[in-house]
Amino acid sequence: MHGGSAHRKLNMKSALRRQVLRNLTTDLIKHGRIETTVPRAKELRRLVDKMITLGKRGSEHDRRQIEAYLYQPKAVVPLLMDTYAKRFSDRPGGFTRIIPIGNRKGDNAPMAMIEILNTDEPQAEVSFSYLVRSLASMQIESETKIVDAALNPKMNDTAVYADKRLFKKALQQQRTKEKFALKIQKAIKNMQMSTEKLQEIVDADVARAQKILDRHSGKKIQRFVKETWPENTPSML
């Protein structure tokens, strides 16, 4: 009979696993953002959500439960019962976001950045920074204003393809652009900003990158973009 699948074992014994997760939960609540492996981040998400929910309730029993589980209670309890409780007063759950950031050098373990959502200052979130950097890299390559074009991707109807394989490839690229456009629309809605404001932020990031490019003028632009920003934009989970 199959059993024992209530949570991830993380290749650790129960005592060590509990200690590691308590440490990670404390650090995430204290700092708001940490990097760890993908399995640990997914296991950490449910624990942080539970701690924030206890902080939102705010009773003395909930406070003692938080103090019994987390390290450094003098630092994290005020955050949970004051800062995060006010921030997520109207939100029933889903207080964190996991962003894949590639594989770790050495053992090639899949890594992720997990952060607590900041509804007061959404521009400070990592997912928005990745979106801006992706748009900036696209603008550097195309040398034109990119926000409006990225929001309205259009496939060239007059293009002639040599075979069916090239047409399927172009169709797949168009679908990818449409998915990226949905991410931009979602970000604009969450930030409550206009496309002009987003274009200004992208232009500022391009200007910053251009200064770096001037110091590395011997490199090709494609190589510069890959070294300056992530090659694959992390999806906003």
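These numbers come from a predicted model, not from an experiment.
Across E43 and R8, no two heavy atoms sit closer than the pair OE1-N, 3.3 Å. The minimum heavy-atom distance linking T144 with Q139 is given by the pair O-CG, 3.1 Å. Heavy-atom minimum distance, M111 versus T37: SD-CG2, 3.8 Å. Residues R91 and G93 approach most closely at NE-O, 3.2 Å, considering heavy atoms. Taking all atoms of both residues into account, the shortest heavy-atom contact from A150 to I184 is CB-CD1, 3.6 Å.
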* Asked: Are L70 and T25 close enough, and set up right, to give a side chain to side chain contact (heavy atoms under 4.5 Å, CB included), and what steps lead you there?
  -> CA-CA 7 Å; L70 296 179; T25 305; 3.5 Å; yes
* To do: Given side chain to side chain contact (heavy atoms under 4.5 Å, CB included), test L54 with L80 step by step and report yes or no.
  => CA-CA 8 Å; L54 291 175; L80 287 171; over 6 Å; no
* For F180 and L131, what are the C-alpha separation, side-chain angles and deciding distance, and is it a side chain to side chain contact (heavy atoms under 4.5 Å, CB included)? -> CA-CA 9 Å; F180 187 62; L131 179 67; 3.7 Å; yes
* Worked check of side chain to side chain contact (heavy atoms under 4.5 Å, CB included) between I116 and F88 -> CA-CA 11 Å; I116 298 176; F88 301 117; 3.8 Å; yes
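Sorted by first and then second residue, the ring-ring contact (aromatic ring centres under 6.0 Å, His included) pairs with a member in residues 18-42 form an empty list; sequence neighbours excluded.
For the side chain to side chain contact (heavy atoms under 4.5 Å, CB included) test, residues two or more places apart in sequence or in another chain that qualify with E67 are R63, P73, V77. Looking at residues two or more places apart in sequence or on another chain, you find no ring pair (Phe, Tyr, Trp, His ring centres under 6.0 Å) involving Y71.
A salt bridge links R208 to D205: one of the charged nitrogens lies within less than 4.0 Å of a carboxylate oxygen. Between D49 and R45 no salt bridge is recorded (no basic side-chain N to carboxylate O distance below 4.0 Å). Between K56 and D62 there is no salt bridge, since no side-chain nitrogen of the basic residue lies less than 4.0 Å from a carboxylate oxygen of the acidic one.
For the residue pair Q19 and N23, no side-chain donor N or O sits within less than 3.5 Å of a side-chain acceptor on the partner.
Atom CG of N108 has more than 12 neighbouring heavy atoms from other residues, nucleotides or ligands inside a 6.0 Å radius. For R64, the CZ atom sits in a loose shell: 12 or fewer heavy atoms of surrounding residues, nucleotides or ligands are nearer than 6.0 Å. Residue E143 qualifies as open at atom CD: its count of foreign heavy atoms under 6.0 Å is 12 or below.
Evaluated for a side-chain contact (heavy atoms from CB on, under 4.5 Å) with E115, the options T96, I98, I34, I99 yield exactly one hit, I99.
The shortest distance between side-chain heavy atoms of V20 and L10 does not fall below 4.5 Å.
Neither V38 nor L47 shares a network with the other; the hydrophobic side chains, linked directly or stepwise wherever heavy atoms of I, L, V, M, F, W or Y lie under 4.5 Å apart, form separate groups for each.
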